Amino acid sequence: AESAKAASTVDLDQYHMPLLLAVPQGVPAPSIVWKDASGKLEIRAGERFGLTIMEDPGDMQRLKGDLDRDLLKKNTILQETPDELVYRSEFPDDSTLVFVHFQRVVKAAGRTFTVQDMDNGTAFTKDDVDRMAASISPKQPA
């Protein structure tokens, strides 16, 4: 039960999102920034942890279609549930450029949020992505 070992929990209510961020053990304190332009909440904590959250229904089928049509990268779905997609992207001509991404849909308080890794050029591993995806949960009404 890795997720139970959260070092701290951050209530994202102050950003008008009924969600909780469980900061994993060993991860530095997160920097949380609201980006008005994109309507995304960006959460970074050290090198191996970066995600965005936005209020969005998170169309998994559309994402899968985009991955299929990607002409630059080869995309492989590693894990799929109705609410989460984990996939690996690699550039066919450069085997060192391998990125693992995720998109997860979290429903909370009658709203729907899409949580994704921050696509900032960091080559996240499957472990990084699993840790990030598991860090966001709906806030239970008091």
Side-chain angles (χ1 to χ4, degrees), residues 1-91 94-142:
E2 274 298 305
S3 57
K5 289 191 204 137
S8 64
T9 303
V10 179
D11 188 339
L12 299 179
D13 214 24
Q14 58 189 319
Y15 302 98
H16 310 294
M17 293 184 169
L19 302 170
L20 295 174
L21 164 69
V23 181
Q25 201 77 47
V27 168
S31 96
I32 303 175
V33 180
W34 175 256
K35 297 288 190 184
D36 268 334
S38 60
K40 288 182 181 179
L41 190 64
E42 288 189 355
I43 301 174
R44 291 172 197 263
E47 297 276 299
R48 318 287 323 152
F49 192 98
L51 58 83
T52 62
I53 308 173
M54 65 176 176
E55 190 156 358
D56 180 83
D59 187 336
M60 293 296 182
Q61 293 309 320
R62 191 181 73 216
L63 174 61
K64 283 168 63 176
D66 290 347
L67 295 179
D68 282 344
R69 285 188 297 276
D70 191 331
L71 300 176
L72 286 177
K73 299 179 294 258
K74 174 179 179 277
N75 296 297
T76 311
I77 292 175
L78 303 176
Q79 193 177 317
E80 182 180 1
T81 67
D83 293 328
E84 186 178 357
L85 197 61
V86 177
Y87 59 96
R88 184 177 65 226
S89 292
E90 43 202 322
F91 290 88
D94 187 347
S95 60
T96 61
L97 290 175
V98 176
F99 301 90
V100 179
H101 299 287
F102 81 95
Q103 176 170 299
R104 182 169 163 236
V105 174
V106 179
K107 292 182 168 55
R111 296 160 65 192
T112 305
F113 299 89
T114 298
V115 183
Q116 291 174 300
D117 58 283
M118 192 178 288
D119 199 351
N120 59 359
T122 304
F124 291 122
T125 64
K126 175 83 165 65
D127 286 348
D128 295 335
V129 161
D130 288 345
R131 196 168 55 228
M132 288 189 279
S135 71
I136 300 294
S137 60
K139 182 181 176 182
Q140 300 309 324

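All residue numbers in this chain count up from 1 along the given sequence. Computed from heavy atoms alone, side chains included, the values below leave out hydrogens, waters and symmetry copies. Not measured: the values here are computed from a predicted model.
Using a distance-only test at 3.5 Å, with no hydrogens or angles considered, no donor-acceptor pair links the side chain of Thr122 to the main chain of Phe124. Side chain of Arg104 to backbone of Met132: no donor-acceptor contact under 3.5 angstrom is found.
Atom CE of Met54 and atom OG1 of Thr112 lie 12.0 Å apart (nearest 0.5 Å). The OG1 atom of Thr125 lies 12.5 Å from the CZ atom of Phe99; values are rounded to the nearest 0.5 Å. With rounding to the nearest 0.5 Å, the separation of CD in Gln103 from CG in Asp117 is 9.5 Å. The CG atom of Leu71 lies 10.0 Å from the CZ atom of Arg69; values are rounded to the nearest 0.5 Å. Expressed to the nearest 0.5 Å, how far CZ of Phe113 lies from CE of Met17 amounts to 5.5 Å. Ser8 OG to Leu21 CG: the interatomic distance, rounded to the nearest 0.5 Å, is 7.0 Å.
Counting only heavy atoms from C-beta outward, the side chains of Ser137 and Leu19 never approach each other to under 4.5 Å. Using a 4.5 Å cut-off on side-chain heavy atoms (C-beta onward), Lys64 and Leu85 make contact. Residues Phe102 and Val115 meet the side-chain proximity criterion, which asks for heavy atoms closer than 4.5 Å. Side-chain atoms of Glu80 and Met60, non-hydrogen and from C-beta on, never get closer than 4.5 Å to each other. Residues Val86 and Ile77 have side chains not in contact (no heavy-atom distance under 4.5 Å, counting atoms from C-beta outward). Here the side chains of Leu20 and Leu12 are not in contact, with every heavy-atom distance at 4.5 Å or above.
Contacts of Arg62 classified as salt bridge (Lys or Arg N to Asp or Glu O under 4.0 Å), with partners at least two apart in sequence or in another chain: none. Take Asp13 and apply the salt bridge (Lys or Arg N to Asp or Glu O under 4.0 Å) test, not counting sequence neighbours, and it matches Lys139. Legend: residues meeting salt bridge (Lys or Arg N to Asp or Glu O under 4.0 Å) with Asp119, ordered by chain and number and at least two apart, are absent. In this view, Lys74 and Glu90 satisfy the salt bridge (Lys or Arg N to Asp or Glu O under 4.0 Å) rule, not counting sequence neighbours.
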Name every donor-acceptor pair, under 3.5 Å, that has one atom in a side chain of residues 39-51 and the other anywhere in the protein, sequence neighbours excluded.
| unit_1 | atom_1 | unit_2 | atom_2 | d |
| --- | --- | --- | --- | --- |
| Arg48 | NE | Asp128 | OD2 | 3.0 |
| Arg48 | NH2 | Ala123 | O | 2.8 |
| Arg48 | NH2 | Asp128 | OD2 | 2.7 |

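Smallest separation of non-hydrogen atoms from Pro28 and Val23: O-CG1, 4.0 Å. Contact between Gly58 and Val105 at its shortest, heavy atoms only, is O-CG2, 3.7 Å. What you find for Pro18 and Ala108 is that their closest heavy atoms are O-CB, 3.4 Å.
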- prompt: Checking side-chain contact (heavy atoms from CB on, under 4.5 Å) for the pair Thr114/Ile53: CA distance, chi angles, key distance, verdict?
  reply: CA-CA 6 Å; Thr114 298; Ile53 308 173; over 6 Å; no
task: Tell me, with the steps shown, if Asp127 and Arg131 meet salt bridge (charged side-chain N to carboxylate O under 4.0 Å, His left out).
output: CA-CA 6 Å; Asp127 286 348; Arg131 196 168 55 228; over 6 Å; no
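Residue pairs meeting the ring-ring contact (aromatic ring centres under 6.0 Å, His included) criterion with at least one member in residues 69-89, sequence neighbours excluded: Tyr87-His101.
For Lys126, the NZ atom counts as densely surrounded, since its 6.0 Å shell holds more than 12 non-hydrogen atoms of other residues, nucleotides or ligands.
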